[in-house]
There are 2 protein chains.
Amino acid sequence: MVTKGNVFDPNCPTRVILDRIGDKWTVLVVLLLRDGPLRFTELRDGIGRVAPKVLTQTLRRMERDGLVSREVFAEIPPRVVYTLTPMGASLIEPISVLTDWAETHMPAISKAQTQYDAV
Amino acid sequence: MVTKGNVFDPNCPTRVILDRIGDKWTVLVVLLLRDGPLRFTELRDGIGRVAPKVLTQTLRRMERDGLVSREVFAEIPPRVVYTLTPMGASLIEPISVLTDWAETHMPAISKAQTQYDAV
DNA sequence: CGCCAACGGTATCTATTGGTAACTGGCTAC
DNA sequence: GTAGCCAGTTACCAATAGATACCGTTGGCG
């Protein structure tokens, strides 16, 4: 019996979140949008090397989850602006905890890897 | 310029961590091992529906990263025990923050999803 | 008028990955 | 003897991630 939610049940909603976090791009999008709304190309350029298709998928998923809002301006040239919703913004904290951990332990992990590979 | 490490650089080590967290099984393994060492089958049964191949992959990767240690007892029948290293144990906190967030916001996410799908 | 660029994406193809099913080898229980 | 446990491995398949190319609209430029 797991008290803190049944993460071990495949149908557990927590899994959904973890899948999103693991999405590789979701986290980057959240961090990029932390300082304000951005357009599609700004996100693409900010992330670096992302296929537009994948970025679109990520953004749609995040929109569906209520993490970002998508505003289309019917201008020429078209303009689409992505903004963090309050819920999306609340993800910044957990993510920061993770990235902090990552930065702290990265040297140890690298060391462990080289040791492991040396054997 | 990103002050808290350049997560946006594809070569950034933080990415490695995020990939692990996104690993879908890594998190489960950490949570299962929180209460003490477990054997391969215990992990498999605890997670529920995991192909042994995938579990092996996950555990090898975690071993390589220095998150778990693997002990083989040359007995009959063979016995292999997996234990969280101190570094692996330190991952519990960030993960808990995430799962807490997930549980808190899950209703809102579900609602957002049904709303989105209804349109 | 013809050409090109900017924007926010699609369309198509390939590579990687996650996953299933079946098997291994040494033993033990029925 | 044959069925099954343990900790995986091997062969194979489906779904996904990613790279590359392309689309429609319009405005500027020659």
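Labels below follow one simple rule: chain letters A, B, ... track the order of the sequence lines, proteins then strands, and each chain is numbered from 1.
Here D/dA7 presents its C1' atom at 9 Å from CZ of B/Arg39, a figure rounded to the nearest Å. Here the P atom of nucleotide C/dG18 and the CG atom of B/Asp19 are 10 Å apart, to the nearest Å. Whole-Å rounding puts the A/Glu75 CD to D/dT26 P distance at 13 Å. Taking atom CG of residue A/Leu55 and atom P of nucleotide C/dG8, one finds them 11 Å apart after rounding to whole Å. Following rounding to the nearest Å, B/Leu38 (CG) and D/dA7 (P) show an atom-to-atom distance of 11 Å. For the pair A/Arg79 CZ and D/dG24 C1', the interatomic distance rounds to 19 Å; values are reported in whole Å. Residue A/Phe40 contributes atom CZ, which lies 8 Å from atom P of C/dT10 at whole-angstrom precision. At whole-Å resolution of the value, CD in B/Gln57 and P in C/dT17 are 9 Å apart.
Looking at the side chain of A/Pro52, the nearest of the listed nucleotides D/dG8, D/dA21, C/dG8 is D/dA21. Checking C/dG19, C/dG8, D/dG18 against every side-chain atom of A/Lys53, the shortest atom distance belongs to D/dG18. Residue A/Ala51 has its side chain nearest to D/dG18 when only D/dG18, C/dG9, D/dT9 are considered. The side chain of A/Pro77 lies closest to C/dC7 when the candidates are D/dG8, D/dC6, C/dC7.
Rounded to the nearest 0.5 angstrom, B/Arg34 CZ and B/Ile95 CD1 are separated by 9.0 Å. Remark: B/Thr114 OG1 to B/Ile109 CD1 distance equals 11.5 Å, nearest 0.5 Å.
Side chains of A/Arg60 and B/Tyr116 form a contact here, defined as non-hydrogen atoms less than 4.5 Å apart.
In this structure, A/Thr56 does not reach the C/dG9 phosphate: none of its side-chain N or O atoms is under 4.0 Å from OP1 or OP2. Under 4.0 angstrom from either OP1 or OP2 of D/dG18 there lies no side-chain N or O belonging to A/Arg44. Distances shown here put every side-chain N or O of B/Arg70 at or beyond 4.0 Å from the OP1 or OP2 atom of D/dA7. Side-chain nitrogen and oxygen atoms of B/Trp25 include none within less than 4.0 Å of the OP1 or OP2 phosphate oxygen of C/dT17.
Both B/Met106 and B/Trp101 are members of a single hydrophobic cluster when ILVMFWY side chains are connected at heavy-atom separations under 4.5 Å.
Contact annotation for A/Val54: base contact, defined as any heavy-atom pair under 4.0 Å involving a base atom. Nucleic acid contact for A/Tyr82: sugar-phosphate only, since backbone atoms but no base atoms lie under 4.0 Å from a heavy atom of the residue.
Residue A/Val50 is the one, among A/Pro78 and A/Val50, whose nearest nucleotide of DNA chain D lies closer to the 5' end (criterion: closest heavy atom).
Applying the 6.0 Å contact sphere to CD of A/Glu42 captures more than 12 heavy atoms from other residues, nucleotides or ligands.
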